[in-house]
Each structure stands twice: as C-alpha cells, then as structure tokens.
**Q** 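Have a look at this one before I ask anything.
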4 protein chains.
Amino acid sequence: MSTSSTDPARATEPKRERGRLRVAAIMTAGVEVFSEKGYDAATMTEIAARSGTAIGSLYRFFPTKEALADALLLQYAQHVKNGLTELKQQVPGMTLERVADAFVDMMLLLRSQRSFAIALMDARGGSADERKRFRKVMRGGVADILCEAIPALPAAKAKVMSVVLIHMLKAVVGIADEESSVRVALLAEMRQLVRMYLVSAGQQSGG
Amino acid sequence: MSTSSTDPARATEPKRERGRLRVAAIMTAGVEVFSEKGYDAATMTEIAARSGTAIGSLYRFFPTKEALADALLLQYAQHVKNGLTELKQQVPGMTLERVADAFVDMMLLLRSQRSFAIALMDARGGSADERKRFRKVMRGGVADILCEAIPALPAAKAKVMSVVLIHMLKAVVGIADEESSVRVALLAEMRQLVRMYLVSAGQQSGG
Amino acid sequence: MSTSSTDPARATEPKRERGRLRVAAIMTAGVEVFSEKGYDAATMTEIAARSGTAIGSLYRFFPTKEALADALLLQYAQHVKNGLTELKQQVPGMTLERVADAFVDMMLLLRSQRSFAIALMDARGGSADERKRFRKVMRGGVADILCEAIPALPAAKAKVMSVVLIHMLKAVVGIADEESSVRVALLAEMRQLVRMYLVSAGQQSGG
Amino acid sequence: MSTSSTDPARATEPKRERGRLRVAAIMTAGVEVFSEKGYDAATMTEIAARSGTAIGSLYRFFPTKEALADALLLQYAQHVKNGLTELKQQVPGMTLERVADAFVDMMLLLRSQRSFAIALMDARGGSADERKRFRKVMRGGVADILCEAIPALPAAKAKVMSVVLIHMLKAVVGIADEESSVRVALLAEMRQLVRMYLVSAGQQSGG
DNA sequence: TATGAATGAGGGTTCATTCAT
DNA sequence: CATGAATGAACCCTCATTCAT
C-alpha cells in the first residue's frame with residue numbers, strides 16, 4: 001500500500017480529487033457571477049479568477065460558457081430534484097397546508113441559487129434543450145408530489161397544476177428579493193395563496 | 001388656402017410622418033429582438049436591420065441602447081396603464097370573478113409586448129430608475145382597481161395583493177408561451193386561480 | 001431704383017450678401033470650434049449649429065471638413081499677411097527693438113485665431129499643400145520686414161532668421177496660454193529675447 | 001542545478017521576454033503613428049497592425065488609447081529626465097556656450113520621439129494630469145541645470161528662463177524636420193540663439 | 001437653392017476561446 | 001495536464017457626407 005508518487009495506479013486519484021474540487025469551486029463561482037451580473041455580463045475570466053482557476057483549466061472542464069451554464073442549471077435541477085424527492089417522502093401524513101408550506105420553504109432554501117437559475121432560464125442561458133429537460137424534471141417531480149398529497153388527483157390535472165404551482169414558486173423567489181419592509185407581508189400572502197391553491201384542488205378532487 | 005408645395009407648414013409634414021413610421025418600426029423591432037435575445041444579447045445592429053433602418057438613423061432617434069430599452073418600457077407601461085385605467089372604469093358592477101378574468105384578458109391582449117417587458121425588467125435592461133417607476137405605476141394601478149373591486153379592502157392589503165397579483169399575471173404570460181397542447185388547460189387553471197385569489201380576498205374583507 | 005423682390009437683376013444681390021454673411025459666420029464658428037476641440041474632435045455639425053447654418057448649407061460653401069480648415073488657414077494667413085504688410089510700412093524709422101516688439105504685439109493681437117492656426121498646422125488639419133503655402137507666405141513676409149529693418153542683411157540670412165523668428169513667435173503664443181501668475185514675466189522674457197535676437201543680427205550685419 | 005524545462009523559474013522567462021518585446025514594439029509603433037497622425041487621428045488598430053500585434057493583445061498591455069499615450073509620454077519624460085540628469089553632472093566646468101549646445105544636442109538625440117511628444121502635449125493626448133506632470137518635471141530639470149550653470153541666477157529667473165528655453169528647444173525639433181537644404185543653416189542659427197540667450201543671462205546675473 | 005434626415009464606414013473596446021509553453 | 005498570453009469577431013456608438021424634399 002505504498003503511496004509513492006511513482007505508483008501509477010494511485011497517481012490519478014489525487015488528481016481526480018483535485019479535479020472534483022476545482023469543478024466545485026468553478027461552479028460555485030459560476031453561480032455567484034451569473035447571479036450578480038446575469039448570463040451575458042458574466043465573463044469566463046471573472047469566474048475563473050473568482051474560483052482561483054486558470055482560464056485554460058476552466059475551459060478544460062467546461063468547453064463553453066454555455067456548457068458551464070448548462071452544468072449549473074443541471075446542478076440546480078439536481079438540488080431541486082433532491083428537494084422534491086425528500087419532500088415526497090414526507091408528504092404522507094402531511095396536511096395540504098403543510099405541503100404547500102413545504103414547497104415554499106424549499107424554494108426559500110434554494111435561495112443561494114434561485115435567482116441565478118431564473119436568470120439563466122429566462123435570459124437565454126443554457127441551451128434550449130437543457131432548459132426543456134430542466135422544466136420536464138421539475139414538473140414531473142412536482143406533479144408526483146401533488147399526486148401523493150392529493151390521492152384522487154387525476155394525472156392530467158396534476159400536470160397542469162404543477163406548471164401553475166411552479167410559476168407561483170417562481171413568484172416566491174421574486175418576492176424574496178423585494179425590499180425588506182414589505183417582504184414579510186408579501187411572503188405570508190404568497191404562502192397563503194399557495195395553501196389555498198392546494199387545498200382547493202384537494203377539495204375538488206377529494207371531497 | 002392653397003396647399004401648394006411651397007407651403008412651409010405642409011412641407012415638413014411628410015418628414016415628420018416618415019419619422020414617426022421609422023420610430024414605430026424601430027420600436028417594433030426592438031420589442032422583437034429584446035424579447036428573443038434578452039437585453040444584453042440583443043444588438044443595436046440587428047434591431048436596425050430588422051426595422052430596415054440604418055444604424056446611424058437608429059441612433060438619431062435613440063441615442064443609446066438603454067434609451068431604446070427605456071422608451072420601449074415606457075411604451076409598455078403606457079399600454080398597461082391604459083389597460084388598467086379602462087379596466088378600473090368597468091369595475092363597478094362587475095363580479096370579482098369577472099374582474100379577475102379581465103386582468104387575465106388584459107395581460108393576454110398585451111401579448112405582443114409582454115415577454116419583452118419581462119425580459120427587460122428581469123435583466124439589466126433599461127435604467128434602474130425606469131424600472132422602478134414602471135413597477136410603481138403598475139402596482140399602484142392594480143391596487144387601485146382592487147380597492148375599487150373590493151370596497152372594504154384596506155390600502156395596505158391592496159398593496160400587498162397587487163404585488164402578488166402581478167406575479168400571477170406574469171405567470172399568465174409565461175403560460176401563454178407554452179406548447180399549445182396544454183396551453184388552454186393551463187390558462188383555464190391560471191384564470192381559476194386568479195379568480196379564487198380575488199374572491200377569497202373579497203370574502204375576508206367583505207364578509 | 002425699385003427694391004421690389006421681383007426685380008430679377010437685383011434679386012441675386014441680397015443673396016450674395018447673405019452668402020457672404022453665412023460664410024463669415026461659418027468661418028467664425030469654425031475658428032471657435034477648431035480652437036476649442038482641435039481638428040479631429042471638432043464636428044461639422046457643431047460648426048454648423050454654432051453658426052446658425054444648416055449642415056447642408058455648410059457643405060455647399062465648404063465641400064469638406066478639410067476644405068473648411070484650409071479656408072480658415074488661408075484667412076489666418078491673410079490676416080498675418082496684412083499684419084506683416086502693415087508692419088513693413090512702419091519699419092522705416094523704427095529701432096530694431098521696436099520692430100521686435102511689434103512682431104510680438106502682432107502675434108498677441110492675432111490671439112483669437114492663434115492657437116487655432118497652430119492646432120490646424122500641427123495636428124494635420126489642412127492639406128499639406130495649404131500648409132506649405134502658408135509657411136512660405138509667412139516666411140517671405142517676415143524676411144521682407146527683416147530686410148527692411150536691417151538694410152545690410154543678406155537675403156539668405158533673412159530667410160534663415162525668418163524661420164527662427166517665426167518659431168519664437170509661436171512660443172509667444174504658447175506662453176500667452178500659461179497660468180496668469182507667470183504669464184507676465186514670461187512674456188517680458190520672450191519679448192526681451194526677440195529684441196536681443198534682432199539687435200544682435202543688426203550688429204552682425206550692420207556694424 | 002538542472003535547467004530542465006520543468007524548472008518553473010525559467011519557464012516564465014521566455015514569456016516575460018516576449019511580453020517585453022511586444023510592449024516595446026507597440027510603443028515604437030505608437031510613437032510612429034501618434035507622430036504621423038496626431039493623437040485623435042491615430043487609431044489603435046493601426047498601432048496594433050504596425051507593431052504586428054493583435055488588437056486584443058494591444059489592449060491587454062494598454063487598456064486604453066489614453067493609457068498608451070500616457071505610457072509613451074512617461075517614457076519620453078524618462079528619456080528627457082535621464083538626459084537632463086546626465087547633462088547636469090557635466091555642467092560644472094562647461095562654458096555657457098557649451099551648455100547651450102548640450103541642450104540642443106540632447107534635443108536632437110531625442111529625435112526618434114520628439115515630434116510625437118509635442119503632438120501629444122499640444123493635442124488632447126494623454127490625460128491632463130500626465131501632461132502637467134511632464135511639464136513640471138521638464139521645467140524643474142531645466143531650471144536646475146540653469147542654476148548650476150549660472151551660479152548667481154535667482155530661482156525665479158531660472159524658472160522663467162526654463163519655460164522660454166524649452167520653447168526654443170521645441171523650435172529646434174521643429175527645425176530638424178525642415179528640408180535638408182536649409183536645415184543645417186537653421187540649426188546653426190538656433191544653436192547660436194540658444195547660446196546667446198544663456199550667455200546674456202549669465203552676464204546679467206554674473207557680471 | 002436650402003434643408004436636415006439618412007447613411008454607413010470606421011473607431012475604441014470587450015471577451016469567448018485557443019494553443020504554445 | 002496546467003497555464004495565461006494571444007487572437008479577432010463583434011459590440012456600441014460617432015460623424016463626415018449625401019440627397020430627396
């Protein structure tokens with residue numbers, strides 16, 4: 001079990017580890033810079049600098065600005081997916097109100113990446129394909145949860161609702177950026193609205 | 001009362017008319033390009049080309065990319081304002097459901113400029129001042145209508161509701177861009193949600 | 001001697017007069033703007049505006065920016081020539097010191113156009129030909145005066161001296177732009193130097 | 001003590017060396033183009049082309065046209081300063097005539113950059129600050145030498161003389177560009193004038 | 001003939017991307 | 001494989017000049 005640097009088998013492992021760290025650093029910096037400046041105004045050079053990476057190295061990992069944006073979007077999608085999966089498991093035994101709150105809370109937790117993802121989606125960052133996939137995953141996950149939470153909900157209705165619900169969650173994010181003087185009231189109102197939406201759907205389907 | 005061609009008053013008229021047409025063409029093209037690409041990715045050159053204008057002429061009318069964005073935003077604001085004013089006058093004698101529908105319909109009517117305005121607002125497009133003003137006008141107008149439609153509504157609550165409602169109308173716009181296969185169902189759902197929102201507010205305040 | 005506007009013979013005269021005024025106004029504005037901004041930074045549009053002329057009219061009189069600069073240079077040359085001619089006639093009976101002072105004074109009188117002419121000459125305004133001609137005229141005139149003032153001066157020497165003297169007068173202009181705190185002393189010094197130059201030449205040739 | 005190619009210390013050397021060459025080439029081209037066309041008419045594109053540099057590279061080294069002009073001016077200032085320092089050390093034991101000649105010779109040595117500096121100073125080239133600093137340094141250095149050369153010279157008088165002297169040296173440069181047929185005679189005349197200026201000052205102060 | 005809207009070449013500058021080291 | 005200097009297409013904007021009215 002020698003760790004001599006001449007051992008070819010183990011030689012790449014530290015490198016791989018370093019690579020992983022590099023990628024992580026780049027992605028963090030990417031989220032930061034894209035969030036602050038938007039897709040177009042963000043520069044690869046700044047992302048490289050902020051992550052302590054040489055520009056050439058950055059391009060080894062992400063061959064294109066768009067590729068980086070895509071990866072970031074994918075990562076965000078993964079986070080959301082994880083959140084949704086987790087949420088789904090907690091749904092049994094939750095009231096619809098609590099499910100609604102859980103959606104909102106999840107959105108607020110994703111704060112650090114939120115506006116960035118929206119920026120990339122809206123502004124045209126990420127290839128159209130990536131965006132489509134992202135949307136699909138998101139909608140599927142939300143629809144799943146809705147089905148879980150409202151047993152009698154028809155699949156088609158769940159799909160429709162998921163789209164609407166996601167738009168509302170987007171609004172949650174937008175509202176979280178408002179001046180603090182009104183933010184609290186606004187968030188409460190949004191929370192109330194989401195609850196109402198789910199509850200009413202439950203009554204229609206379940207009652 | 002001759003209209004001879006030497007009449008100086010009439011001499012400039014064609015010029016002014018052409019100018020108006022130019023400006024209109026540019027603004028139309030601006031809305032298109034900004035919508036498609038977002039503020040940063042949109043290029044003045046393309047806007048000029050798309051409107052059949054020489055780049056120099058474009059700059060005669062709009063001395064800056066930002067100035068063009070501002071003008072476009074202002075135009076949109078004007079349209080929205082007009083819509084809101086009109087809506088306000090029709091509110092007396094409307095049920096809350098119909099008011100809700102009217103909001104949604106207004107949004108759908110503004111279609112040709114919708115996503116563009118959203119792009120400019122979300123991105124760095126247009127000066128920050130212009131954006132703020134736009135938001136203020138919009139919120140004020142919506143809040144006014146809400147007060148009109150729900151007499152007992154406290155002003156503070158109207159303000160909060162207006163923000164939420166506007167976010168929902170933004171969602172309407174987003175939904176109107178979906179694939180046509182689901183669009184109809186989605187719009188119906190959104191419409192229902194908006195109705196529900198207003199009605200519930202009416203019950204809280206009015207009942 | 002009717003002045004009716006229908007009299008075809010006299011009809012063009014007022015026009016000519018107006019034309020002359022136009023040209024004068026343009027040239028005045030040209031001197032101003034070229035002086036303030038330098039040749040390149042000066043714009044035909046501003047010169048037109050400042051002279052109350054339509055840009056199209058400006059181009060009728062001066063078909064090119066360079067043509068305008070040339071005309072301005074020519075005008076300046078004319079002024080200088082006039083000054084020199086006048087000076088020449090006063091030379092008989094003047095001491096060399098007074099001639100030197102007269103040169104300096106003439107330069108200071110031309111103040112309103114001075115730096116402008118230098119700018120156009122140095123910066124590359126005016127065609128090379130025009131510049132050459134200007135130089136020639138100037139040198140010839142100065143040399144003439146020198147010959148007049150120093151009777152025994154050989155023609156060749158006069159030529160050489162004229163070039164040097166003109167450079168010194170250029171320095172006078174430069175110095176006249178210095179901060180006022182030192183300007184007076186500087187001008188006195190320059191004046192002294194010019195006197196010394198002429199006097200010493202007089203002694204060499206005349207003594 | 002191997003100089004293997006993995007030696008990091010040596011690895012960057014060639015790069016730095018190339019960088020230095022690049023910068024030098026750019027500056028040379030800059031001097032050329034600015035001299036020929038003046039500050040405004042000079043284009044970064046031409047400077048890049050003339051120095052065999054891609055436009056992007058030029059901007060890596062000099063982030064602005066003005067920055068390039070400033071650097072060029074600074075370089076010239078440095079050269080002048082060096083020349084003046086050297087001259088100052090040689091002054092003890094020199095006659096005033098030889099000091100005068102030394103000034104003129106120094107100016108002629110700086111030939112390769114001369115008219116360029118004048119162009120940048122007269123035009124809007126380089127930031128106003130840089131220009132002021134340059135003038136100050138120049139005047140101070142010349143005044144120093146004058147004090148050294150003419151011991152009894154009052155400081156105030158030295159200051160005034162430095163300004164006048166510098167203007168005369170500027171004339172030297174201008175004259176060095178004349179047609180060769182007269183250049184020699186002109187230079188001799190200028191040389192004579194400068195000598196006379198210093199000598200006369202020496203007599204006033206010293207005698 | 002006078003006017004000024006229209007034109008478009010060209011200028012300074014940025015930044016995604018490549019490739020020699 | 002890492003590095004960062006080098007590249008050049010493309011952007012926003014200006015202004016001399018033209019020409020339809």
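Below, chains carry the letters A, B, ... as their sequence lines are ordered, and counting in each starts from 1. Just so we're clear, the structure is a prediction, and the values are computed from it rather than from any experiment.
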**Q** Let's see if you can work this out: which of F:dG4, F:dA16, F:dC12 has an atom nearest to the side-chain heavy atoms of A:Ile55?
**A**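 Of the options given, the side chain of A:Ile55 lies nearest F:dG4.
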**Q** Students often get this wrong, so: under 4.0 angstrom with heavy atoms, is A:Ala67 touching a base, only sugar-phosphate, or nothing?
**A**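 A:Ala67: no heavy atom of the nucleic acid under 4.0 Å.
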**Q** Please tell me whether C:Thr43 and C:Thr45 have a donor and an acceptor in their side chains that are separated by less than 3.5 angstrom.
**A**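 There is no such pair between these side chains.
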**Q** Please tell me which of the listed nucleotides, F:dC13, E:dG12, F:dT7, lies nearest to the side chain of B:Thr64?
**A**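 Minimum distance to the B:Thr64 side chain belongs to F:dC13.
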**Q** Please examine the side chains of B:Met44 and B:Leu68, heavy atoms only from C-beta on, and report whether any two atoms are closer than 4.5 Å.
**A**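 Sidechains of B:Met44 and B:Leu68: in contact.
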**Q** Name the nucleic acid region contacted by C:Ala49, choosing base, sugar-phosphate or nothing; use a 4.0 angstrom heavy-atom cut-off, strictly under.
**A**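 Result for C:Ala49 = nothing.
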**Q** Taking atom C1' of E:dA2 as reference, at what distance in whole Å does atom CG of C:Leu21 sit?
**A**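 Going from CG in C:Leu21 over to C1' in E:dA2 covers 16 Å.
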**Q** Roughly how many Å is it from NZ in C:Lys65 to C1' in F:dT18, rounded to a whole number?
**A**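 Interatomic distance, NZ of C:Lys65 to C1' of F:dT18: 17 Å.
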**Q** Measure from CD on A:Glu66 to P on E:dC15 and round the result to the nearest Å.
**A**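 Answer to the nearest Å: 18 Å.
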**Q** Do the side chains of A:Glu66 and A:Tyr39 get nearer than 4.5 Å, heavy atoms only?
**A**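 The answer is yes; the side chains approach within 4.5 Å.
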**Q** To the nearest Å, how far apart are D:Leu68 CG and E:dG12 P?
**A**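 To the nearest whole Å, that distance equals 11 Å.
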**Q** Taking CZ from C:Phe34 and P from F:dC15, how many angstroms apart are they, rounded to a whole number?
**A**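 Atom CZ in C:Phe34 sits about 13 Å away from atom P in F:dC15.
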**Q** Within this structure, what is the NZ-CD1 distance for the pair B:Lys37 and B:Ile47, rounded to the nearest 0.5 Å?
**A**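 So the gap between those two atoms works out to 10.0 Å.
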**Q** Considering only E:dT3, F:dA16, F:dA6, which nucleotide approaches the side chain of D:Arg60 most closely?
**A**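 For the D:Arg60 side chain, the nearest candidate turns out to be F:dA6.
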**Q** In whole angstroms, how far is the C1' atom of F:dA10 from the CG atom of A:Asp40?
**A**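 It works out to 13 Å between those atoms.
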**Q** When the nearest nucleotide of DNA chain E is assigned to D:Pro63 and to B:Arg22 on a heavy-atom basis, which residue is associated with the more 5' position?
**A**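 Upstream on the strand: B:Arg22.
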**Q** Round to a whole Å and report the spacing from CD1 of B:Ile47 to P of F:dC12.
**A**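 Answer to the nearest Å: 8 Å.
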**Q** With a 4.0 Å limit, can you tell me whether B:Ser57 has a side-chain N or O closer than that to the phosphate oxygens OP1/OP2 of E:dT7?
**A**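 B:Ser57 to E:dT7 OP1/OP2: side-chain N or O found under 4.0 Å.
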**Q** Enter the distance from D:Asp70:CG to D:Arg133:CZ here, rounded to the nearest 0.5 Å.
**A**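 Separation between the atoms: 8.0 Å.
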**Q** Taking both distances under 3.5 Å as the test for a Watson-Crick or G-U pair, what stems of at least three pairs does DNA chain F have?
**A**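 Output for stems: E:2-21 with F:2-21.
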**Q** Let me know, please, whether A:Ala54 or C:Tyr59 comes out on the 5' side of the other along DNA chain F by nearest nucleotide.
**A**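 The answer here is A:Ala54.
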**Q** Whole angstrom is fine here: how far is it from CG in B:Leu58 over to P in F:dC12?
**A**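 About 10 Å, once rounded to whole Å.
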**Q** Quick check on DNA chain F: between C:Met44 and C:Gly56, whose nearest nucleotide comes earlier from the 5' end?
**A**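 Here C:Met44 is the residue nearer the 5' end.
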**Q** I need the single residue from D:Leu73, D:Leu120, D:Asp40 that forms a side chain to side chain contact (heavy atoms under 4.5 Å, CB included) with D:Phe34. Which is it?
**A**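 When side chain to side chain contact (heavy atoms under 4.5 Å, CB included) is applied between D:Phe34 and each of D:Leu73, D:Leu120, D:Asp40, only D:Leu120 qualifies.
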**Q** Show the nearest heavy-atom pair for residues D:Ile26 and D:Phe62, with the distance to one decimal.
**A**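 Looking at all heavy atoms of both residues, the closest pair is CG2-CE1, 3.7 Å.
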